[in-house]
Amino acid sequence: MKNPLRLSPEPVDATIESAAAHAEDISNAFRDLQIVLPADAVVRRDEPMARRTTLRVGGPADLYVEPGSENALASTLEIAHLRGLPVFLLGRGSNLLVRDGGIRGIVVSLAHPRFSKVEISDGRITAGAGARLKGIAHEARRAGIGGLEFFEGIPGSLGGALRMNAGAMGSWTFDAVDRLRCMSRSGEILDLPACEVPVEYRSCPLLATHIALGAVLRGRPDDADAIRARMEQFSNKRWTSQPSQPSAGCTFKNPLPTLPAGRLIDELGLKGTRVGDAMVSDVHGNFFVNLGQATAADMLGLIEAVRTRAREARGVELETEVEIVGEDA
Ligand code: EPU
């Protein structure tokens with residue numbers, strides 16, 4: 001018999017009920033996606049994110065979708081909305097730390113070849129969000145377009161680079177953007193001149209709410225050999241100053257242009273510090289590398305330890321540049 005004094009269900013019951021409701025939403029959304037999206041889309045359940053991030057850590061996404069067109073992307077967003085599921089946009093996973101419990105809802109990647117095209121005409125490069133930055137840099141070189149050499153060393157896609165205004169070698173992504181094409185979470189497409197898109201160091205606020213679909217990029221006419229020489233120079237600098245083990249690039253934003261996080265961490269003597277298999281690189285203090293079996297919890301523990309030390313020793317509040325998402329195990 002029920003206890004008449006029990007006014008609300010046990011929290012544990014509520015947790016089980018909401019987990020069951022979530023599982024049902026996921027099953028329904030999976031079925032909807034399979035029915036609605038054309039056959040060229042990729043739709044999977046429980047996709048391990050460790051395979052899709054350069055750091056090689058992270059639990060599974062409930063649903064993983066690679067739509068093959070803008071319409072299919074809009075349909076995916078609509079299904080997510082109808083089923084009350086959050087959507088997370090995944091680039092090449094090169095700036096991402098997914099927690100060990102994985103990501104609830106739908107992870108969308110624009111890795112489909114239709115979103116990865118790079119086309120050049122009249123000195124302008126039109127590239128999809130899924131295009132690799134390295135590929136764009138080499139296409140630009142072949143076409144004699146200079147100014148995009150810095151893309152060569154960023155291990156990401158154009159979409160991710162636009163979203164975080166990624167940078168290297170003194171340039172950032174929006175230096176090279178002429179027009180931005182993006183989609184709102186309700187499927188509306190915007191095509192904007194770059195001058196109408198506010199950007200900051202390592203951030204494009206519009207793309208916190210909108211999904212980058214691609215961009216028109218510009219450079220300046222230049223000699224292909226001169227471009228190649230600059231690319232080699234950048235590449236050499238990277239190979240000598242950055243580690244080759246799995247990482248998510250720089251962990252923290254530089255607190256000030258005159259105070260690079262890597263130098264600060266180096267000065268604090270923290271290179272080589274480990275939590276499990278997560279380690280502060282002994283090559284560059286702002287790169288935290290996975291020695292093989294690191295978990296997201298190891299990485300987060302290391303981030304917290306370094307942050308605490310910077311605060312206590314130097315009064316500096318380090319802010320992560322790496323995007324941290326998902327749930328604990
Ligand atoms: N430094 C040290 N010790 C270290 C690391 C760096 O003393 O362990 C010193 C360097 O000698 C240099 C200064 O710190 O004098 C800056 O270092 P670096 O030239 O490597 O540049 P950074 O500011 O650490 C930035 C970007 C990188 C980008 C490089 C190269 C940020 C947070 N990082 O690093 O971007 O590749 O410039 O252009 O802005 C990324 O965003 O993930 C990333 C790796």
Side-chain angles (χ1 to χ4, degrees), residues 52-57 90-98 132-134 136-137 146-177 199-204 207 212 227 229-274 278-290 299 302-303 305-307 309-310 313-314 316-325:
R52 300 197 170 271
T53 61
T54 56
L55 197 49
R56 303 263 171 269
V57 305
L90 175 73
R92 292 267 167 197
S94 58
N95 189 49
L96 190 63
L97 171 43
V98 180
R132 282 172 180 262
L133 297 173
K134 192 186 258 302
I136 295 174
L148 299 171
E149 297 87 320
F150 70 102
F151 275 167
E152 188 274 342
I154 306 179
S157 61
L158 179 61
L162 290 164
R163 172 143 152 227
M164 65 167 298
N165 194 17
M169 308 299 161
S171 301
W172 66 26
T173 301
F174 271 85
D175 288 340
V177 176
V199 293
E200 299 157 15
Y201 166 66
R202 295 298 192 261
S203 161
C204 171
L207 297 177
I227 298 172
R230 276 196 300 275
M231 278 167 90
E232 278 170 11
Q233 187 195 335
F234 288 169
S235 167
N236 289 340
K237 183 183 171 203
R238 196 161 35 83
W239 280 109
T240 51
S241 66
Q242 299 183 357
S244 54
Q245 294 126 308
S247 77
C250 281
T251 309
F252 299 108
K253 293 180 183 172
N254 287 337
L256 292 169
T258 50
L259 182 61
R263 185 192 298 157
L264 171 69
I265 293 165
D266 193 355
E267 286 171 1
L268 290 171
L270 295 174
K271 281 180 166 176
T273 305
R274 274 178 76 164
M279 187 181 89
V280 177
S281 163
D282 40 28
V283 178
H284 192 299
N286 202 11
F287 281 66
F288 292 9
V289 297
N290 181 351
M299 283 290 165
L302 190 60
I303 288 172
V306 170
R307 200 188 246 155
R309 191 66 201 292
R314 299 278 291 271
V316 175
E317 203 54 53
L318 287 174
E319 187 191 338
T320 44
E321 180 198 284
V322 168
E323 191 176 2
I324 302 170
V325 298

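Only this structure's heavy atoms are used, side chains among them; waters, hydrogens and symmetry mates stay out. Both counts, for ligands and for their atoms, begin at 1 and track the order of listing.
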Would you mind running through ligand 1 and noting each atom that sits below 4.0 Å from a heavy atom of [X]?
| X | result |
| --- | --- |
| G249 | 42 (O) |
| H284 | 5 (C), 6 (C), 8 (O), 18 (P), 20 (O), 24 (O) |
| G262 | 3 (N), 4 (C), 5 (C), 8 (O) |
| F287 | 44 (C) |
| K271 | 4 (C), 8 (O) |
| F252 | 32 (C) |

Any N/O pair [X]/ligand 1 closer than 3.5 Å:
| X | answer |
| --- | --- |
| M164 | no |
| N286 | no |
| K253 | no |
| M169 | yes |
| C250 | yes |

- request: With atom 23 (O) of ligand 1 as the reference point, say which of N254, V280, V322 has the nearest heavy atom.
  value: N254
If we set the cut-off at 4.0 Å for heavy atoms, which region of [X] has an atom near ligand 1: side chain, backbone, both, or neither?
| X | result |
| --- | --- |
| F150 | neither |
| S241 | neither |
| R202 | side chain |
| E321 | side chain |

Which heavy atom of the protein is the closest neighbour of [atom], given with residue, atom name and distance?
| atom | answer |
| --- | --- |
| atom 3 (N) of ligand 1 | D266 OD2, 2.8 Å |
| atom 13 (C) of ligand 1 | P260 CG, 3.6 Å |
| atom 7 (O) of ligand 1 | R263 CG, 3.5 Å |
| atom 19 (O) of ligand 1 | K237 NZ, 3.0 Å |

If we ignore hydrogens and angles and just use 3.5 Å, is the side chain of [X] paired with the main-chain N or O of [Y] as donor and acceptor?
| X | Y | value |
| --- | --- | --- |
| T273 | V280 | no |
| E149 | G147 | yes |
| N165 | E200 | yes |
| T173 | L162 | no |
| T251 | N286 | yes |
| R307 | L318 | yes |
| T53 | G93 | no |
| S241 | K237 | yes |
| N290 | L55 | yes |

message: Show, in sequence, the C-alpha distance, side-chain angles and deciding distance for N236 and W239, and conclude whether the side chain to side chain donor-acceptor pair (under 3.5 Å) test is met.
response: CA-CA 5 Å; N236 289 340; W239 280 109; over 6 Å; no
So, does [X] sit close enough to ligand 1 that a heavy atom of it is under 4.0 Å from the ligand?
| X | result |
| --- | --- |
| G167 | yes |
| Y201 | yes |
| E267 | no |
| Q242 | yes |

message: Taking atom CZ as the centre, does R92 end up with more than 12 heavy-atom neighbours from other residues, nucleotides or ligands that are less than 6.0 angstrom away?
response: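 Atom CZ in R92 is crowded, with more than 12 foreign heavy atoms closer than 6.0 Å.
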message: Using side-chain heavy atoms (C-beta onward) and a distance below 4.5 Å, is V177 in contact with V199?
response: no
query: So do the side chains of I303 and F252 get within less than 4.5 Å of each other, counting heavy atoms only?
result: yes
task: Take atom 37 (O) of ligand 1 and look for protein heavy atoms under 4.0 Å from it; say yes if you find one, no if not.
output: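 No; the ligand atom in question lacks any protein heavy-atom contact below 4.0 Å.
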query: Short check: is a protein heavy atom less than 4.0 Å from atom 10 (C) of ligand 1?
result: no
- request: Under the side-chain contact (heavy atoms from CB on, under 4.5 Å) rule, what do N254 and R263 come out as? Steps first, then yes or no, please.
  value: CA-CA 10 Å; N254 287 337; R263 185 192 298 157; over 6 Å; no
query: Roughly how far, to the nearest 0.5 Å, is CD of E152 from CD1 of I227?
result: 13.0 Å
